[in-house]
Amino acid sequence: MPVPTASLPLPPGPVGLPLVGSALHFIGPLSRSPHTVLTGLAETYGPVMSFRPGMAGNFVAVSSPAAAREALIDNDAALAARFVPDVARAMAHSSESIFFLPSSSDLWRQHRSTVAAHLSAARSLDATRRVRERRARGLAESVRARSGGGAPVVVGDVVLGAVLDVVSGILFSEDVADMRVQGGQMFRDLMVEVLEDWTRPNVSDAFPFLAPMDLFGSRRRVSRGLTKLYKFFDEEFIERRLDSGDNHGDLLDVVLERHAKSELTRSEIIKFFTDMFLATGNTSRITVEWAMALLLKHPDKMKEVQAELAASLGSKDFVEENDLDKLPYLHAVVKETLRLQPPAPLLPRQVVVDGMSLGGFSVPIGTYVLVNLWAIGRDSTVWPQHEEFVPERFLGNQAADFRGLDFAYKPFGAGRRMCPGLDFASRLVPLLLASILHKIEWRLPAGMVPEDVDLKDRYSMVLELAKPLHAVPMFKP
């Protein structure tokens, strides 16, 4: 007979100080990234532990496969909402955002259905294959054109442009990475500007009473950036499409048809497109950049994946999606990268019902739950050589699948709030990575050796390299 949650104890955790709670673990000169702090604390307090960062409420961190399954599957409906950071309230964005709406929201369900049907469904992915291949080829051509001079490129920057053009090709049937918004600022730079503040830790989230003061100006900067993005999407795409009456059969046509039926407002459409770019552009770029850093750090793995590309593609100039099935080692590299460096290391949820429990502990309504994917991917009881980059562990390992039952490997999450772009990303990321590796040798900038590649991370809401990766491409026809 189940034990009533009222009689269950609360999860253990570090004793908080008055007012600041556990915040001193996360801030100050000796602070570390939240996912590493929580991983260390879990070694003391267990895989279900509580903490209070400042005055933002009570949090519970989940750090084992079993506890993650219980949170994301057994308690999926109870964890139906998400923590909303202060910057997401800028321009009332969170009130109509697929990221932050509760899963009980009709708008959230409509957006999820749209993404599933028109971005991630197998038929839609097949229909947009040429878009991805054209932009991947353009990326390869751009990198090859910059080879030979010995000058390094910023890997993340060149990849981001390709990703944004893939997304815009699917949404709008045209590129945006080189289009300029009002004031002469390039769209890509505006996206980066918004993302930097959107994902940066903010004192207002730990101490909500400070939010009205916006001490570091994060919300003001995000508001300015979102205003420009909203205007860009509204004038450059929505208004122009409505005026032309053209029908391209893309996602813009789909949502405008719903708008004509009063099923979506213009504001909801604009924020939906903003979310698509913010999420898809950043996470795909981050994964490719991490994979390249890990390969440059481990030259033997780089040689292995490039040998596979050469053997499978031969004299073929560019990679196409149907080539990816012949590249198991490349896929293993991507999977191992996601194990070590999941783009979203902490999955945030909020308890919306009474009576929930995790790991034998009561988790009251209103509690924020963080599933620590970074810790789970490095669990030494599950992963041999858990800190090492070993793509070979995924060769022939059918259990380690993005949608599988193995909760030791869930880089895209699980349950109703699983990343809706999983299938899209699982095609795009390997394609982009293969495109910049095929017939291109990469060298480190002068004076650097593999041991110098810096794998320190910089946590915000996503997990980036602390220092952007610079490398020198050498085209080998």
Side-chain angles (χ1 to χ4, degrees), residues 87-88 90-99 107 110-111 114-115 118-119 124 127-128 130-132 134-135 138-139 142 157-198 221-285 421 424 428:
V87 292
M91 305 297 294
H93 188 86
S94 61
S95 66
E96 296 175 332
S97 168
I98 189 174
F99 296 155
L107 179 59
Q110 183 175 174
H111 282 338
T114 300
V115 173
H118 300 284
L119 188 68
S124 296
T128 56
R130 296 302 179 194
V131 174
R132 292 186 296 278
R134 280 198 303 272
R135 274 57 177 197
L139 172 62
S142 173
D157 285 356
V158 296
V159 172
L160 178 61
V163 174
L164 293 179
D165 277 343
V166 168
V167 177
S168 62
I170 293 171
L171 299 187
F172 308 132
S173 301
E174 55 185 297
D175 296 346
V176 297
D178 291 325
M179 294 181 69
R180 293 181 178 272
V181 296
Q182 268 191 336
Q185 185 178 34
M186 293 183 68
F187 172 79
R188 178 168 55 184
D189 294 336
L190 179 56
M191 288 293 302
V192 170
E193 176 188 320
V194 171
L195 280 166
E196 284 181 355
D197 274 303
W198 188 278
R221 287 191 297 273
V222 168
S223 293
R224 288 195 295 268
L226 288 178
T227 298
K228 294 176 184 177
L229 280 176
Y230 293 170
K231 185 175 183 179
F232 179 63
F233 292 135
D234 192 32
E235 295 181 354
E236 292 293 334
F237 297 104
I238 296 175
E239 192 65 39
R240 191 151 49 89
R241 182 69 59 87
L242 288 172
D243 288 345
S244 70
D246 294 339
N247 191 311
H248 295 270
D250 52 23
L251 200 54
L252 178 56
D253 286 331
V254 171
V255 296
L256 286 180
E257 183 178 344
R258 292 179 180 173
H259 175 61
K261 298 176 181 177
S262 299
E263 296 174 357
L264 282 175
T265 68
R266 195 121 155 191
S267 172
E268 289 166 350
I269 293 172
I270 290 169
K271 289 173 182 173
F272 173 70
F273 287 143
T274 302
D275 285 347
M276 291 299 97
F277 277 100
L278 288 173
T280 309
N282 211 30
T283 54
S284 297
R285 185 267 302 170
F424 173 79
L428 179 61

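The basis for the numbers below is simple: all heavy atoms, side chains too, and nothing from hydrogens, waters or symmetry mates.
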Kindly check if the number of other-residue, nucleotide or ligand heavy atoms within 6.0 Å of CD (E257) is above 12?
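Not more than 12 within 6.0 Å, no.
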[X] side, atom [atom1]; [Y] side, atom [atom2] - distance, nearest 0.5 Å:
| X | Y | atom1 | atom2 | answer |
| --- | --- | --- | --- | --- |
| S168 | M276 | OG | CE | 14.0 Å |
| D157 | R285 | CG | CZ | 8.0 Å |
| R134 | T128 | CZ | OG1 | 10.0 Å |
| E96 | I269 | CD | CD1 | 10.5 Å |
| I270 | L264 | CD1 | CG | 11.5 Å |
| F272 | T265 | CZ | OG1 | 13.0 Å |

For the residue pair [X] and [Y], what are the closest heavy atoms and their distance?
| X | Y | result |
| --- | --- | --- |
| L139 | V158 | CD1-O, 3.4 Å |
| D253 | D246 | OD1-O, 3.8 Å |
| F99 | A279 | CZ-CB, 3.3 Å |

Close side-chain approach of [X] to [Y], heavy-atom, < 4.5 Å:
| X | Y | answer |
| --- | --- | --- |
| F424 | V115 | no |
| H93 | D275 | yes |
| D250 | I170 | no |

Taking side chain to side chain contact (heavy atoms under 4.5 Å, CB included) as the criterion, tell me which of Y230, F172, F237 meets it with F273.
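The side chain to side chain contact (heavy atoms under 4.5 Å, CB included) with F273 is passed solely by F172 among Y230, F172, F237.
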Sub-3.5 Å donor-acceptor pair from the side chain of [X] to the main-chain atoms of [Y], do we have one?
| X | Y | result |
| --- | --- | --- |
| D165 | D175 | no |
| T114 | Q110 | yes |
| D197 | R221 | no |

Option among K228, R241, R266 that satisfies the salt bridge (charged side-chain N to carboxylate O under 4.0 Å, His left out) test with D234:
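Testing D234 for a salt bridge (charged side-chain N to carboxylate O under 4.0 Å, His left out) against K228, R241, R266 leaves exactly one candidate, R266.
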As a quick check of understanding, evaluate side chain to side chain contact (heavy atoms under 4.5 Å, CB included) for K271 and L226, giving each step before the final call.
CA-CA 9 Å; K271 289 173 182 173; L226 288 178; over 6 Å; no
Considering only NZ, NE, NH1 and NH2 on the basic side and carboxylate oxygens on the acidic side, decide whether E268 and R258 come within less than 4.0 Å.
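No, this pair does not count.
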